[in-house]
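Taking it in order: structure first as structure tokens, then the write-up.
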Amino acid sequence: MAKPIFVLNGPNLNLLGLRQPEIYGKETLADVEAALGRLAAELGLAVDCRQSNHEGQLVDWIHEARAAAAGILINPGAYSHTSVAILDALNAFDGAVLEVHISNIHKREAFRHHSFVSGRAEGVIAGFGTEGYLLALRRMASLLRT
């Protein structure tokens with residue numbers, strides 16, 4: 001595949017493995033990215049993994065994806081529940097979008113139950129820990145082959 005899948009991670013995911021491991025697990029973001037790279041190779045795909053704590057940076061990367069990515073796998077973190085700007089940027093992207101959450105956002109605080117991003121995503125994977133990223137990449141591969 002010529003274009004990679006952009007894997008975009010939002011705020012605080014740089015602390016994965018350190019921040020609240022009872023909720024998010026002990027794997028680091030580097031561990032997740034390495035696992036995604038291995039699976040992407042098996043699936044004949046490429047991934048371009050990025051993380052930012054800044055909403056505008058995520059929006060800029062989504063804009064970049066319009067020309068440079070085959071699809072977007074996004075864990076917007078807390079921006080899921082607050083960012084119309086990220087939703088608007090995703091709405092301007094013509095490819096497939098999958099949303100991933102490490103924890104089950106529907107079993108957490110009420111404010112986490114709504115995600116703006118879900119309205120644009122072809123699918124949402126939540127509550128499977130970091131394995132959710134791999135599930136999402138497998139689904140992305142299926143979407144891109146149809």
Side-chain angles (χ1 to χ4, degrees), residues 1-25 27-37 39-40 43 45-144 146:
M1 173 154 299
K3 293 181 180 179
I5 308 304
F6 275 21
V7 179
L8 304 180
N9 283 286
N12 299 309
L13 285 154
N14 56 305
L15 299 176
L16 195 57
L18 302 172
R19 176 181 168 250
Q20 296 177 286
E22 69 280 4
I23 294 174
Y24 301 110
E27 281 189 296
T28 67
L29 190 56
D31 295 333
V32 172
E33 291 173 352
L36 283 167
L39 179 58
L43 297 172
L45 301 171
V47 290
D48 182 341
C49 299
R50 305 172 183 198
Q51 185 278 328
S52 180
N53 293 319
H54 305 282
E55 182 180 27
Q57 180 64 75
L58 292 164
V59 168
D60 287 344
W61 287 336
I62 295 166
H63 291 179
E64 180 185 340
R66 295 182 69 209
I72 296 173
L73 192 162
I74 186 168
N75 181 344
Y79 289 137
S80 308
H81 321 294
T82 63
S83 183
V84 174
I86 289 174
L87 171 62
D88 287 347
L90 290 168
N91 282 333
F93 177 72
D94 290 331
V97 174
L98 295 174
E99 180 180 5
V100 174
H101 296 282
I102 296 168
S103 68
N104 182 348
I105 61 174
H106 302 290
K107 288 183 75 175
R108 298 191 58 199
E109 305 93 337
F111 71 86
R112 295 186 195 273
H113 297 178
H114 177 265
S115 168
F116 285 101
V117 172
S118 296
R120 167 56 180 90
E122 276 71 27
V124 179
I125 296 174
F128 290 92
T130 57
E131 186 179 349
Y133 286 90
L134 302 177
L135 296 169
L137 186 59
R138 288 185 186 284
R139 178 62 182 144
M140 184 65 75
S142 296
L143 291 172
L144 294 175
T146 59

>> Restricting to side chain to side chain donor-acceptor pair (under 3.5 Å), what partner residues turn up for Ser83, sequence neighbours left out?
In response: Glu55

> Between Lys3 and Ala67, is there a donor-acceptor pair closer than 3.5 Å when you use the side chain of the first and the backbone of the second?
Replying inline: yes

> Is the side chain of Asn75 donor-acceptor paired with the backbone N or O of Asn9 at a distance under 3.5 Å, no angle test?
Replying inline: no

>> To check you understand the geometry: which heavy-atom pair defines the closest contact between Leu45 and Ala141, and what is its length?
In response: CD1-CB, 3.7 Å

> Checking side-chain contact (heavy atoms from CB on, under 4.5 Å) for the pair Thr130/Asp31: CA distance, chi angles, key distance, verdict?
Replying inline: CA-CA 9 Å; Thr130 57; Asp31 295 333; over 6 Å; no

> When rounded to the nearest 0.5 angstrom, what is the spacing between CD1 in Ile74 and CD1 in Ile86?
Replying inline: 5.5 Å

>> Within this structure, what is the CD-OG1 distance for the pair Glu33 and Thr28, rounded to the nearest 0.5 Å?
In response: 8.0 Å

> Is the number of heavy atoms from other residues, nucleotides or ligands within 6.0 Å of CZ (Phe93) greater than 12?
Replying inline: yes

> Got Leu16 and Glu27 here, is their nearest side-chain heavy-atom distance under 4.5 Å?
Replying inline: no

>> Set out, in order, the CA-CA distance, both residues' side-chain angles and the distance that settles side-chain contact (heavy atoms from CB on, under 4.5 Å) for Leu98 and Leu143, then state yes or no.
In response: CA-CA 10 Å; Leu98 295 174; Leu143 291 172; 4.1 Å; yes

> Got a sec, which pairs hit side chain to side chain donor-acceptor pair (under 3.5 Å) with one end in residues 59-71, sequence neighbours left out?
Replying inline: Arg50-Glu64

> Does Tyr79 use its side chain to pair, donor to acceptor, with the backbone of Asn53 at less than 3.5 Å?
Replying inline: yes

> Between Leu36 and Leu137, which heavy-atom pair has the shortest distance, and what is it?
Replying inline: O-CD2, 3.6 Å

>> What verdict does the side-chain contact (heavy atoms from CB on, under 4.5 Å) test give for Val47 and Leu73, after you've listed the backbone C-alpha separation in whole Å, the side-chain angles of each residue and the deciding distance to 0.1 Å?
In response: CA-CA 9 Å; Val47 290; Leu73 192 162; over 6 Å; no

> Between Ser103 and Ala126, what is the shortest heavy-atom contact and its length?
Replying inline: O-CB, 3.7 Å

> With distance as the sole test, does Gln51 use its side chain to make a donor-acceptor pair with the main-chain N or O of Gly10 at under 3.5 Å?
Replying inline: yes

> Of all residues at least two apart in sequence or in a different chain, which pass the side chain to side chain donor-acceptor pair (under 3.5 Å) check with Glu122?
Replying inline: Arg120

>> Within a 6.0 Å radius of atom CD on Glu131, are there more than 12 heavy atoms belonging to other residues, nucleotides or ligands?
In response: no

> What heavy-atom pair brings Leu87 and Phe116 nearest, and what distance separates the two atoms?
Replying inline: CD1-O, 3.5 Å

>> Quick one, Val32 with Leu13, criterion side-chain contact (heavy atoms from CB on, under 4.5 Å). Give me CA distance, side-chain angles, the key distance, then yes/no.
In response: CA-CA 11 Å; Val32 172; Leu13 285 154; over 6 Å; no

> Can you name the closest pair of heavy atoms from Pro11 and Pro76 and give their distance?
Replying inline: CD-O, 3.4 Å

> Where is the tightest heavy-atom contact between His54 and Ser52, given as atom of each residue plus distance?
Replying inline: N-OG, 3.0 Å

> CD1 of Ile125 to OH of Tyr133: how many Å apart, nearest 0.5 Å?
Replying inline: 11.0 Å

>> How long is the straight-line distance from CD of Glu99 back to OG of Ser80, given to the nearest 0.5 Å?
In response: 5.0 Å

